[in-house]
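Down below is the structure, laid out as structure tokens.
Both ligands and their constituent atoms are indexed starting at 1 by order of listing. Just so it is clear, the model here is predicted, and its values are computed rather than measured.
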Amino acid sequence: MNAELRGQLIEIARTELARCPPDPAHDINHALNVLRYADAIAEVEDADRDVTTAAALFHDVVHYLPTDSRCDLAPGESAVRAGEVLRDIAGFPPAKIPAVEHAIITHSTWLSQEPATLEAKVVRDADLLESIGALALMRTFACAGVMNLALYSTDDPLCSRRPPERLRFALDFASCHMTTIGERLCTHAARRMAAQRLEFVKSFLSEVQFELSPPELELTRRIDR
Ligand SMILES: [Fe+2]
Ligand SMILES: [Fe+2]
């Protein structure tokens with residue numbers, strides 16, 4: 001894809017996402033990060049960049065908060081909107097639009113549709129990488145603020161003795177979802193990119209555990225350092 005067409009798609013995605021209800025976890029920065037990761041994975045995996053670029057930019061062009069009953073409809077509605085937009089762009093190959101729509105429909109691991117093409121796997125992995133690591137923690141807690149969720153369970157913050165409730169406690173997404181993302185990644189390239197992020201999330205979670213229940217001895221050791 002040439003730079004002019006890529007720039008045109010980015011500006012259209014920016015305009016489309018600006019029309020959506022405010023959601024700090026699904027704004028243009030999220031789309032651009034998914035695009036960066038999709039670029040990197042596609043390069044290694046030799047995927048079709050026309051398809052991965054368009055799908056990454058438009059994958060959340062329709063989105064609803066996780067607490068909204070329409071949430072599961074978002075990938076299908078995003079695919080329809082992406083198709084409409086791409087059919088209006090003279091420089092985008094019409095024959096590749098169904099592949100873009102498939103990648104968008106199957107990007108979410110919360111739904112049952114599985115990616116059937118390399119390009120769809122690249123876009124799903126790129127989106128999953130945005131769900132693990134430092135930026136993902138920022139997105140998680142920002143989105144939790146919009147939904148008015150509690151930050152964590154005071155009884156059992158890391159889900160040691162209870163099932164996760166990600167729509168009740170923001171930290172449950174980090175402790176139970178982020179730490180298992182590696183198992184859901186499809187490509188080797190994404191698995192390599194996820195490894196460092198996973199270590200960061202684990203160290204964040206152990207710091208949370210420490211701050212919520214600092215054993216006296218450990219606290220003293222830290223003060224002495
Ligand atoms: Fe999504
Ligand atoms: Fe996304």
Side-chain angles (χ1 to χ4, degrees), residues 9-10 12-42 47 49 51-86 99-117 119-147 149 166-167 170 173-174 177-178 180-182 184-187 189-190 193-194 197 201:
L9 292 182
I10 289 173
I12 294 170
R14 190 186 305 280
T15 305
E16 292 280 329
L17 286 163
R19 288 199 197 113
C20 296
D23 178 352
H26 295 93
D27 58 5
I28 184 64
N29 292 331
H30 169 59
L32 292 175
N33 285 335
V34 173
L35 175 59
R36 284 193 300 120
Y37 306 148
D39 284 346
I41 302 166
R49 299 281 288 272
V51 174
T52 58
T53 299
L57 282 169
F58 295 113
H59 78 282
D60 280 334
V61 84
V62 177
H63 60 263
Y64 305 104
L65 290 170
T67 47
D68 191 311
S69 59
R70 297 167 296 175
C71 186
D72 289 354
L73 303 176
E77 293 182 11
S78 293
V80 169
R81 183 61 191 144
E84 289 169 356
V85 167
L86 293 172
V100 175
E101 292 168 334
H102 171 73
I104 295 176
I105 287 168
T106 60
H107 83 266
S108 172
T109 52
W110 298 107
L111 302 179
S112 58
Q113 292 100 326
E114 290 298 320
T117 63
E119 288 70 27
K121 290 173 184 170
V122 168
V123 173
R124 174 182 277 208
D125 280 4
D127 195 40
L128 282 173
L129 283 173
E130 259 280 276
S131 297
I132 178 171
L135 294 178
L137 288 169
M138 293 162 68
R139 294 179 66 227
T140 299
F141 292 109
C143 194
V146 174
M147 294 187 288
L149 305 188
R166 74 180 177 98
L167 299 183
F173 183 86
H177 183 69
M178 282 188 198
T180 59
I181 277 177
R184 289 192 286 279
L185 291 168
C186 302
T187 65
M193 291 165 73
R197 293 158 191 247
V201 170

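The aromatic ring centres of His26 and His59 sit 6.0 Å or more apart.
The closest side-chain heavy-atom distance from Leu129 to Ile41 is below 4.5 Å. You'll find the side chain of Val146 reaches within 4.5 Å of the side chain of Pro24, heavy atoms only.
For the side chain to side chain contact (heavy atoms under 4.5 Å, CB included) with Phe173, the lone residue among Leu167, Thr140, Leu137 that qualifies is Thr140.
Note: Leu57 CG to Leu35 CG = 4.5 Å, rounded to the nearest 0.5 Å.
Note on ring orientation: taking the six-membered ring where Trp is involved, the planes of His177 and Trp110 are parallel (angle under 30°, cut-offs 30° and 60°).
Of all protein N, O or S atoms, those under 2.8 Å from the Fe ion (ligand 1) number 2.
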